[in-house]
Protein chains: 2
Amino acid sequence: MSNTNLKQLAAALGLSISSVSKALRDSYEISAETKKRVVEMANRMNYQPNPFASSLRRKKSATIGVVIPEIANNFFALAIDGIQMVAEQKGFHVLTYLTHENNTNEVSTVRHLLGGRVDGVLMSLCRDTQSVDHLTSLQESGIPLVFFDRVPEQMSCPTVTTDDYESGFRATEHLIQSGCKRIACLSLSHYLSISNKRMNGYMDALKKHGLLVENGLIVQCTNDNEYNLSLIKALLKGRKRPDGIFSTVEKLAISVYYVTQEMGLQIPKQLKIISFSNLRTASLLNPSLSTITQPAFEIGVEAAGLLFRMIEKKTFGNRIDKLELKSTLIERKSSERILINKK
Amino acid sequence: MSNTNLKQLAAALGLSISSVSKALRDSYEISAETKKRVVEMANRMNYQPNPFASSLRRKKSATIGVVIPEIANNFFALAIDGIQMVAEQKGFHVLTYLTHENNTNEVSTVRHLLGGRVDGVLMSLCRDTQSVDHLTSLQESGIPLVFFDRVPEQMSCPTVTTDDYESGFRATEHLIQSGCKRIACLSLSHYLSISNKRMNGYMDALKKHGLLVENGLIVQCTNDNEYNLSLIKALLKGRKRPDGIFSTVEKLAISVYYVTQEMGLQIPKQLKIISFSNLRTASLLNPSLSTITQPAFEIGVEAAGLLFRMIEKKTFGNRIDKLELKSTLIERKSSERILINKK
DNA sequence: AAAAATCACGAAAACCTTTTCTTAAATTAA
DNA sequence: TTAATTTAAGAAAAGGTTTTCGTGATTTTT
């Protein structure tokens, strides 16, 4: 609700609206001295162009949309941080939408975005998204679209991800080398490629080291935290308790800590664990948590960079960019080999 | 960049643009059957109204702006979560801006917002904001403005905060009752009222219990993490080391943990600590961290609620709402009394 | 049956910028 | 000195929606 508009500004200057507009946009049609006069008056009258009129006319919003499952999540908070940094640099605004891991929300958010409110979209899928119809329709509408981390497998689109398979493999191998024989895997969702890739890495590591892949040791978790806790409890109280856990996502590892604390189970003595995590306090936990840490901030930066390249040049679609960054495995106490009995 | 507009829709229906618009807005001027026809065709043609044209005409953006210091912060992430929930309920979009604790960014963000891009603003000040000129000008422009947590003291405006003074008092008293005699206070910023209120509570608790307020024990921290670490190190390595720390903000408590870990200082035996924090893993730290936990999500919900009341009724300004929620003190190991020597 | 009211819709202005197209004046070229 | 070009500015259309006002046709009132 800025009060002064071009009309008033023009009146105050004794110029036409069009000349003022051109002066402010630094058009060659306007003389240097007039430009100066206009800019000065604009500042004095505190003129702010109406963004809607401008967007309507230019068909550009200078806004990007970011669609993520949740914000109270260390990974996504860091990614947003990176995205915001790039957007600010480009003079763009950032509209954030949370799906709360609910596909219905994701679909309706995409429908909103179809309205043309944004010049581009960054997105990370929600755990229960199976059909990609809403995503392809967004893409087909001509709005540049880049996925990060949780990307769809069934469609051709630019993505920024991490080396999930390799990370899953290395994490599991690390547990094996620390002496684990029965390693469980806590999966985020069987629909998400990142979860499956991490799990495939896990399974291949088991196979490589001659360990059996047991279905009972692969726990498909849900979006209900309470229910996940009960799944984890069941896993750890079962007749054949695992001696290692590979958690594909931070939240589940934290749940494991709570359960072991409640059960009096000792990490790493009775149970070792390693998890994907961006927890800043991983090294301060009791015991410190071994993590595979994704470069979350950089993922945000790269995804935004990719998006802006698409927004700026119209020439997208010919080459589909797939960027893969590396995660780092940080060994800490929670997966430490116990050297009590000599062999 | 939705393709079909009202004009095309009208043509396809053999109606005028105005009738179609009215039908879609469910005007009483349009017959029920025509409305039905219009809605069906709109769906079939995948019509999405152009948000800029609509905003331009109605002088409403259905968007709120949220200005916060940082997003990779448990408190703010939770608050945003609450804000988003309310906004979504109201059918509003959320534009997020990060100041990175930098006043210059805050000022320029506010200038952008003055353009009328949003119907209301939720804000939490950055640590070095002293002058409130940019804030009053935003307020005077007629855009509803609500502050949460970090609120300005010098201006009259609606706010949502917590019982910071009392929480500071109780936290300090708790340390005293656990046996601390020399309690340090880690302050976020001497410009922010929340930091000062917490510190005042700290000082009054010391006085009540006959303890001296020592300037050397009040550490004004900065936005430079490395420098803060050195301040904390200096504090803990000084000739008269404190036996308790009251941290006004989570990040500083984490730094203390790192320093004590490095120095081999034992919490709570040699040093007790309590901190404002929304860390979900507080109870899993080594040792578990005593916290004053703010209802961050609720703060977001309440602040957004307040803002929407202002947006919906034009009648604001007569009564200034000041909401104060309660924080909860959770005692954990880090501030536990040590019962070694009988008295 | 005439007057009044209601109904269902259309025309057109308004919101504010941006941009294309004109145009008058000033400058350069012939 | 006239013709051609450049310069600096204005008029007006366009962008898509909403809303006010107007207008025939139908229904209700007296």
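The chains referred to below are lettered A, B, ... by the order of the sequence lines, with proteins before strands, and numbering in each begins at 1. For clarity, every value in this text was computed on a predicted model and none was experimentally measured. What's counted below: heavy atoms across the whole structure, side chains too, no hydrogens, waters or symmetry copies.
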With sequence neighbours excluded, residues passing side-chain hydrogen bond (donor to acceptor under 3.5 Å, both in side chains) with B:T161
none
Mark yes when over 12 heavy atoms from residues, nucleotides or ligands other than B:K322 sit less than 6.0 Å from its NZ; otherwise mark no.
yes
Which atom of A:V67 lies closest to which atom of A:T99, heavy atoms considered
CG1-CG2, 3.6 Å
Sequence-aligned protein contact record of nucleotides 17-26 of chain C, with B where the base is within under 4.0 Å of a protein heavy atom and S where only the sugar-phosphate is
BBBBB-----
List the residues meeting ring-ring contact (aromatic ring centres under 6.0 Å, His included) with B:F308, not counting sequence neighbours, and say none if there are none.
B:F92
Could you pull out all residues at least two apart from B:Q84 that satisfy side-chain hydrogen bond (donor to acceptor under 3.5 Å, both in side chains)?
none
What range of DNA chain D does chain A touch, first nucleotide to last, counting atoms under 4.0 Å from its heavy atoms?
D:dA8 to D:dG16
Tell me, which of residues 31-38 of chain A have any heavy atom that sits under 4.0 Å from an atom in DNA chain D?
A:S31, A:T34
For atom OH of B:Y28 and atom P of C:dC7, their distance in whole Å:
9 Å
Distance-only donor-acceptor pairs under 3.5 Å for side chains of residues 68-81 of chain B, two or more places apart:
| from | atom 1 | to | atom 2 | distance (Å) |
| --- | --- | --- | --- | --- |
| B:E70 | OE2 | B:N73 | ND2 | 2.9 |
| B:N73 | OD1 | B:F75 | N | 2.9 |
| B:N73 | OD1 | B:F76 | N | 3.2 |
| B:N74 | ND2 | B:E250 | OE2 | 2.6 |

By side-chain hydrogen bond (donor to acceptor under 3.5 Å, both in side chains) - contacts of A:T162 (at least two apart)
A:D164, A:Q294
Taking ring pair (Phe, Tyr, Trp, His ring centres under 6.0 Å) as the cut-off, I'd like each qualifying pair that reaches into residues 104-127 of chain A, sequence neighbours left out, listed once.
A:H112-B:H93
Summary of salt bridge (Lys or Arg N to Asp or Glu O under 4.0 Å) pairs that have at least one residue in residues 18-27 of chain A, sequence neighbours excluded:
A:K22-A:E29, A:D26-A:K35
Does any N or O in the side chain of B:E106 come within less than 3.5 Å of the main-chain N or O of B:C126, such that one atom is a donor and the other an acceptor?
yes
Which donor-acceptor pairs under 3.5 Å do side chains of residues 37-45 of chain A form with protein atoms, sequence neighbours excluded?
| from | atom 1 | to | atom 2 | distance (Å) |
| --- | --- | --- | --- | --- |
| A:R37 | NH2 | A:L13 | O | 3.4 |
| A:N43 | ND2 | A:V39 | O | 3.4 |

Specify the angle, to 10°, made by the local axes at the two ends of the helix from C:dA1-D:dT30 to C:dA30-D:dT1 when five pairs are taken at each end.
50°
Separation between CG (A:L56) and OG (A:S61), nearest 0.5 Å, reads 12.0 Å
